[in-house]
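The next block holds one structure in the form of structure tokens; read it before the comments.
In this text the structure is predicted, and so the values were computed from the model without any measurement.
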Amino acid sequence: MHDSSPSLDSLLLLTETHPLSVQVAPNTVEQTDQFAARPLQPSLRSQSSNHSGANQIVQPFAYDVPRSSEQSQKVEELHQTLERHRGDRQLLILQDFPDPDALSSAWTYKLIAQKYDIQCEMVYAGTLSHQENVALVKLTNLPVQRLTPQVLKSRDLSKYQGCALLDNQGTTSQLLPSVQQAGIPITVVIDHHSMQGDLNAEFVDIRPYTRATATILTQYLQAGLLKLDSNTSEHVKCATALMHGLRSDTNALRQAGEEDFLAAAYLSRFYDAQLLNAVLQSSRSRQVMDVIERALKNRIVQNNFSIAGVGYLRYDDRDAIPQAADFLVTEENVHTAVVYGIVHDEDEELEVVVGSLRTDKLTLDPDEFIKEAFGQDAQGRFFGGGRSQAGGFEIPLGFLSGFTESSEYAKMKWGVFDAQVKQKLLRLVNPDQHYPNG
């Protein structure tokens with residue numbers, strides 16, 4: 001992401017300084033009718049920081065004028081929800097392997113919640129293995145911590161009055177079952193993935209049509225739930241993380257929609273371009289390069305789909321799978337890539353088939369494709385899902401899970417799961433070709 005141009009900065013400064021007094025030439029009235037018909041939403045009212053009870057009016061930015069009534073309603077609902085929980089302590093639960101969108105969104109929610117005296121702890125159960133995620137956390141001092149299910153069970157969870165799910169709906173977190181068993185209610189869910197099932201939460205803002213959860217959180221900022229200050233280091237770093245999250249989930253803004261560009265325009269006034277560049281220039285590890293090499297060697301291409309199994313991976317290297325999918329989809333005459341492997345968790349003695357899908361085909365719905373390919377478990381939970389142009393799946397090996405010193409057995413086990421995954425994918429890729437059930 002480059003620095004914003006002087007013309008953009010000048011426009012944003014002008015519209016913020018004079019939000020209601022911008023003069024419109026007579027011959028442009030027709031083009032601006034859509035904005036004239038959508039006036040600024042009522043100002044958000046919140047308690048002042050000194051708790052005196054006086055209402056403080058927070059004015060929205062002028063380029064928030066096109067915000068829909070549904071979005072404004074969500075902003076007000078979140079404000080009211082946070083007010084009801086003023087002074088609480090919450091767990092912010094991220095997916096087991098959080099990406100920049102999840103990390104930045106959770107950090108933004110944490111900063112917003114602080115304005116309501118709500119203390120939040122950002123936690124995830126898996127690992128940060130993608131080099132950009134590691135760099136983002138280190139360079140910005142992003143306040144997130146790994147919390148395994150075993151450690152969580154040993155903690156006193158009675159100090160938490162609620163939890164929030166950011167960029168997930170609980171289906172990709174090992175922590176949520178233990179949190180729910182402890183009787184901690186789900187207070188907030190904010191996500192941009194398709195609905196994964198019924199959610200019993202106090203506040204839900206799920207927008208499958210929005211390309212990044214970071215966009216949703218930025219809209220909360222634009223609406224006045226928190227006023228960013230370019231002189232506050234934490235705000236600048238959080239804005240940089242949001243820009244990275246928005247950028248990563250929109251393919252460097254190439255797949256961005258209008259609301260994403262508006263969010264980026266807002267963040268351009270606060271983020272640190274040099275810091276973002278340092279995050280983006282982090283190098284791939286040798287392990288990631290090895291997995292990409294395996295994907296290239298093992299791929300099969302049918303009907304413009306590239307499908308590759310990469311064998312066994314260490315738990316800490318599982319982020320190499322989506323990176324390999326990102327690489328394969330760039331091949332000529334390929335519009336969709338699926339890469340998968342068996343990830344071994346030595347701590348848990350568990351093995352899981354993990355896969356990622358990337359596509360440039362606008363008519364292919366990753367969420368629908370993955371759910372149709374792999375179905376549901378015994379509890380009715382899908383093994384995977386997706387969003388616009390990307391998706392993923394996780395399938396536990398169950399009884400066959402576990403480490404063995406026999407290389408022959410490991411090779412045989414991989415052969416079985418490799419064939420099964422390919423069969424389920426090829427049944428959709430080549431529907432006219434017969435693939436037996438089972």
I206 and M195: CA distance, side-chain angles, deciding distance, side chain to side chain contact (heavy atoms under 4.5 Å, CB included) verdict: CA-CA 7 Å; I206 295 178; M195 286 290 295; 3.3 Å; yes

Between [X] and [Y], is there a donor-acceptor pair closer than 3.5 Å when you use the side chain of the first and the backbone of the second?
X    : Y    : value
S178 : P149 : no
S248 : G245 : yes
Q161 : R89  : yes
S173 : G170 : no
D96  : Q174 : yes
Q95  : G126 : no
K424 : E372 : no
S268 : A265 : yes
K110 : C120 : yes

Please lay out, stage by stage, how I186 and L176 fare under the test side chain to side chain contact (heavy atoms under 4.5 Å, CB included). CA-CA 9 Å; I186 302 177; L176 186 60; 4.3 Å; yes

Considering residues, nucleotides and ligands other than [X], do more than 12 of their heavy atoms fall under 6.0 Å from its [atom1]?
X    : atom1 : result
D156 : CG    : yes
K159 : NZ    : yes
E77  : CD    : yes
F369 : CZ    : yes

Heavy-atom pair of closest approach, residues [X] and [Y]:
X    : Y    : result
A212 : D249 : CB-CB, 3.9 Å
D101 : D167 : OD2-OD1, 3.2 Å
S104 : A214 : OG-CB, 4.0 Å
A106 : L166 : CA-CG, 3.8 Å
V334 : T336 : CG1-O, 3.5 Å
H244 : L280 : CE1-CD2, 3.5 Å

Measuring only between side-chain heavy atoms, which start at C-beta, is [X] closer than 4.5 Å to [Y]?
X    : Y    : value
D88  : T187 : no
L221 : L242 : yes
Q302 : L426 : yes
F417 : E351 : no
F393 : V338 : yes
V353 : L397 : yes
D319 : T127 : no
R269 : S230 : no

Could you grab the distance from atom [atom1] of [X] to atom [atom2] of [Y], nearest 0.5 Å is fine?
X    : Y    : atom1 : atom2 : answer
L128 : D99  : CG    : CG    : 10.5 Å
E234 : N141 : CD    : CG    : 9.5 Å
L152 : I93  : CG    : CD1   : 7.5 Å
K237 : W107 : NZ    : CH2   : 6.5 Å
Q222 : Q71  : CD    : CD    : 9.5 Å
L147 : K153 : CG    : NZ    : 12.0 Å

Over-ring placement of K422 relative to Y340, 6.0 Å and 45° cut-offs: no

So, [X] and [Y]: side-chain donor and acceptor under 3.5 Å apart, yes or no?
X    : Y    : answer
H79  : Y220 : no
E202 : H85  : yes
N133 : H130 : no

Give the intermediate values and the outcome of salt bridge (charged side-chain N to carboxylate O under 4.0 Å, His left out) for residues E70 and R207. CA-CA 11 Å; E70 291 81 5; R207 309 182 200 174; over 6 Å; no

Residue pair I342, H344: steps toward the side chain to side chain contact (heavy atoms under 4.5 Å, CB included) verdict: CA-CA 6 Å; I342 293 180; H344 177 69; 5.6 Å; no

For salt bridge (charged side-chain N to carboxylate O under 4.0 Å, His left out), just list the numbers for R155 and E121, CA-CA rounded to whole Å, side-chain angles, deciding distance to a tenth of an Å, and then say yes or no. CA-CA 13 Å; R155 278 195 174 187; E121 294 179 37; 3.5 Å; yes

Using ring pair (Phe, Tyr, Trp, His ring centres under 6.0 Å), reason through F305 and H335 one step at a time and then give a plain yes or no. CA-CA 6 Å; F305 280 78; H335 61 58; 5.0 Å; yes

Does E259 form a salt bridge (charged side-chain N to carboxylate O under 4.0 Å, His left out) with R211? I'd like the steps, not just the answer. CA-CA 9 Å; E259 61 178 344; R211 290 166 176 81; 5.6 Å; no

List the steps, then state whether side chain to side chain contact (heavy atoms under 4.5 Å, CB included) holds for L82 with F203. CA-CA 10 Å; L82 295 174; F203 171 84; over 6 Å; no

What's the verdict on salt bridge (charged side-chain N to carboxylate O under 4.0 Å, His left out) for K227 and D229, showing C-alpha distance, side-chain angles and the deciding distance? CA-CA 6 Å; K227 185 177 180 180; D229 183 356; over 6 Å; no

